[in-house]
Q: 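One structure, as structure tokens, below. Some questions next.
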Number of protein chains: 2
Amino acid sequence: MKVSTRVEYGLIALTDIAIYSENGKTVSAPDISARESISHKYLEQILLLLRQAGFIAARKGLKGGYALSRPTDKITLTDVLNALDNGILAEMEGEYADDGLGPVINDCFWGKINNELKSYTDSLTLEHFVELCRNRTPESWDMYVI
Amino acid sequence: MKVSTRVEYGLIALTDIAIYSENGKTVSAPDISARESISHKYLEQILLLLRQAGFIAARKGLKGGYALSRPTDKITLTDVLNALDNGILAEMEGEYADDGLGPVINDCFWGKINNELKSYTDSLTLEHFVELCRNRTPESWDMYVI
DNA sequence: TAAATACCCATTGACATAGTAGGTAAGTCG
DNA sequence: CGACTTACCTACTATGTCAATGGGTATTTA
């Protein structure tokens with residue numbers, strides 16, 4: 001599935017902040033930008049959205065930066081997708097001929113696929129991402145599958 | 001999940017053709033357009049893609065139209081999505097800092113979510129859609145879930 | 001020959017994405 | 001106080017996709 005860079009970068013940024021903000025330290029946008037090779041100004045916009053969504057808190061000025069405002073296990077992939085993406089978790093809203101085949105196909109299959117997807121993204125939290133990135137053992141990936 | 005109308009209409013059209021093309025009869029675009037309330041000219045483009053993908057055969061002229069060129073159980077949702085959609089089943093292709101967190105998150109979670117999605121769309125065929133639309137019994141929908 | 005149909009191509013308006021750019025506000029350190 | 005660093009906010013642009021619309025050509029049937 002194609003996912004927007006906004007979501008990708010947002011997820012990377014959150015994970016980066018979670019990992020590098022130990023002992024009350026904050027993580028600055030320039031730091032993230034350099035570590036993860038993300039355009040600084042673009043990253044700022046994404047961090048703004050993440051702050052407005054309540055995932056992170058910011059402090060201005062020298063030695064300023066960002067820190068998580070919730071524990072990692074209280075930020076789900078669903079939350080992040082809702083904050084940064086328009087399409088993935090959106091519902092269908094097409095209008096069809098009532099006597100046509102559209103409503104049947106739509107209500108059933110896309111609804112079901114949506115539920116499956118959402119139950120998957122609900123089950124994944126930032127904690128999983130952090131853990132995954134801490135010890136990058138590809139063998140352990142399977143444990144996060146549905 | 002937001003799905004393009006191209007996919008929706010294509011799926012509806014295929015199902016419509018499957019249902020209304022019994023005894024070797026063909027189904028014309030104007031007919032489908034009228035039954036399913038889809039713009040005729042837009043539908044034509046979609047039918048063109050479906051024909052080029054090998055799902056349907058066309059006959060021009062009066063009494064012309066379309067018919068399936070494969071049995072309904074040999075056309076999967078994956079096939080249709082590949083023919084009509086760019087994003088849903090596409091792989092990620094972002095470039096990240098090799099020493100950053102991007103590759104880990106990307107390879108694992110989006111890869112897994114992709115596999116889950118694909119195994120779902122692989123399991124659904126036009127036959128299911130046809131059956132579903134023939135006897136519209138919402139109670140039977142559950143049988144098509146993963 | 002006339003009508004119906006599929007085929008093909010060009011264009012358009014709306015929208016989202018992926019940035020880029022520049023200025024403002026606030027906090028830190030000398 | 002003043003330079004510096006950072007977050008914050010707004011605007012703009014370039015590109016691409018979507019969802020059609022429209023026009024014209026080729027083919028088949030009655």
Side-chain angles (χ1 to χ4, degrees), chain A residues 1-10 12-13 17 21 25-34 36-53 55-67 69 81 83-88 90 92-96 102, chain B residues 1-10 12-13 17 21 25-34 36-53 55-67 69 81 83-88 90 92-96 102:
Chain A
M1 179 169 21
K2 204 167 66 184
V3 180
S4 66
T5 61
R6 215 166 50 234
V7 169
E8 295 184 65
Y9 295 164
I12 291 170
I17 292 170
S21 70
K25 278 197 302 185
T26 59
V27 179
S28 75
D31 282 358
I32 303 172
S33 171
E36 312 293 348
S37 301
I38 300 171
S39 151
H40 172 227
K41 296 300 269 181
Y42 189 32
L43 180 63
E44 272 192 335
Q45 294 179 14
I46 297 168
L47 290 167
L48 200 59
L49 292 173
L50 292 173
R51 186 187 60 91
Q52 287 166 347
F55 304 133
I56 53 179
R59 214 177 55 206
K60 291 181 183 176
L62 197 61
K63 297 276 179 183
Y66 300 89
S69 52
L81 289 174
L84 300 181
D85 193 280
N86 297 336
I88 294 184
M92 300 293 304
E93 48 190 18
E95 293 285 330
Y96 304 99
Chain B
M1 180 170 18
K2 205 166 67 184
V3 180
S4 66
T5 60
R6 215 166 49 234
V7 170
E8 296 184 65
Y9 295 164
I12 291 170
I17 292 170
S21 70
K25 278 197 304 186
T26 59
V27 179
S28 75
D31 282 358
I32 303 172
S33 172
E36 313 294 348
S37 301
I38 300 172
S39 151
H40 171 226
K41 294 299 270 182
Y42 188 32
L43 180 63
E44 272 192 335
Q45 293 181 17
I46 296 168
L47 290 167
L48 200 59
L49 291 172
L50 292 173
R51 186 186 61 90
Q52 287 166 348
F55 304 133
I56 54 179
R59 213 177 57 206
K60 291 182 184 177
L62 197 61
K63 295 277 181 183
Y66 301 89
S69 51
L81 289 174
L84 300 180
D85 193 280
N86 296 336
I88 293 185
M92 300 294 304
E93 48 192 18
E95 293 285 329
Y96 304 99

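Since we're looking at a predicted model, the values are computed, not measured. Numbers restart at 1 for each chain; the letters A, B, ... are given by sequence-line order, proteins then strands.
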Q: Counting distance alone, no hydrogens or angles: does the base of D:dC8 have a donor or acceptor under 3.5 Å from a partner atom on the side chain of A:Glu44?
A: yes

Q: Do the side-chain N or O atoms of A:Arg51 get closer than 4.0 angstrom to the phosphate oxygens (OP1, OP2) of D:dC8?
A: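 Yes.
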
Q: Quick one: which of C:dG19, C:dA6, D:dT29 gets closest to the side chain of B:Leu62?
A: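 Per side-chain heavy atoms of B:Leu62, the pick is D:dT29.
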
Q: Return whichever of A:Asp85 or B:Gly61 has its heavy-atom-nearest nucleotide of DNA chain C closer to the 5' end.
A: B:Gly61

Q: Could you please name the option among C:dA6, D:dC8, D:dT6 that lies closest to any side-chain atom of B:Lys60?
A: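 Nearest to the side chain of B:Lys60 among the choices is C:dA6.
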
Q: Closer than 4.0 Å, any side-chain N/O of A:Tyr66 to the OP1 or OP2 of D:dC8?
A: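 Indeed, a polar side-chain atom of A:Tyr66 lies that close.
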
Q: Consider the side chain of B:Thr5, meaning its heavy atoms from C-beta on, and name the nucleotide among D:dA20, C:dG27, C:dC8 that approaches it most closely.
A: D:dA20

Q: So if I take every side-chain heavy atom of A:Ser28 and compare against C:dC8, D:dA26, D:dT6, which nucleotide ends up nearest?
A: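 Closest nucleotide to the A:Ser28 side chain: D:dT6.
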
Q: Which nucleotide in the set D:dA11, C:dA16, C:dC8 lies at the smallest distance from any side-chain heavy atom of A:Asn86?
A: C:dA16

Q: Please check the phosphate of C:dA16 (OP1 and OP2 only) for any side-chain N or O of A:Ser4 closer than 4.0 Å.
A: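 Checking A:Ser4 against C:dA16: no side-chain N or O falls below 4.0 Å of OP1 or OP2.
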
Q: Look at the side chain of A:Tyr42 and decide which nucleotide, out of D:dC8, D:dT17, C:dA18, has an atom nearest to it.
A: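 Side chain of A:Tyr42 sits closest to C:dA18.
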
Q: Ignoring backbone atoms, test whether B:Gln45 places a side-chain nitrogen or oxygen under 4.0 Å from the OP1 or OP2 oxygen of D:dC18.
A: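 For D:dC18, neither OP1 nor OP2 has a side-chain N or O of B:Gln45 closer than 4.0 Å.
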
Q: Using a heavy-atom cut-off of 4.0 Å across all strands, would you classify A:Gly65 as base, sugar-phosphate, or nothing?
A: sugar-phosphate

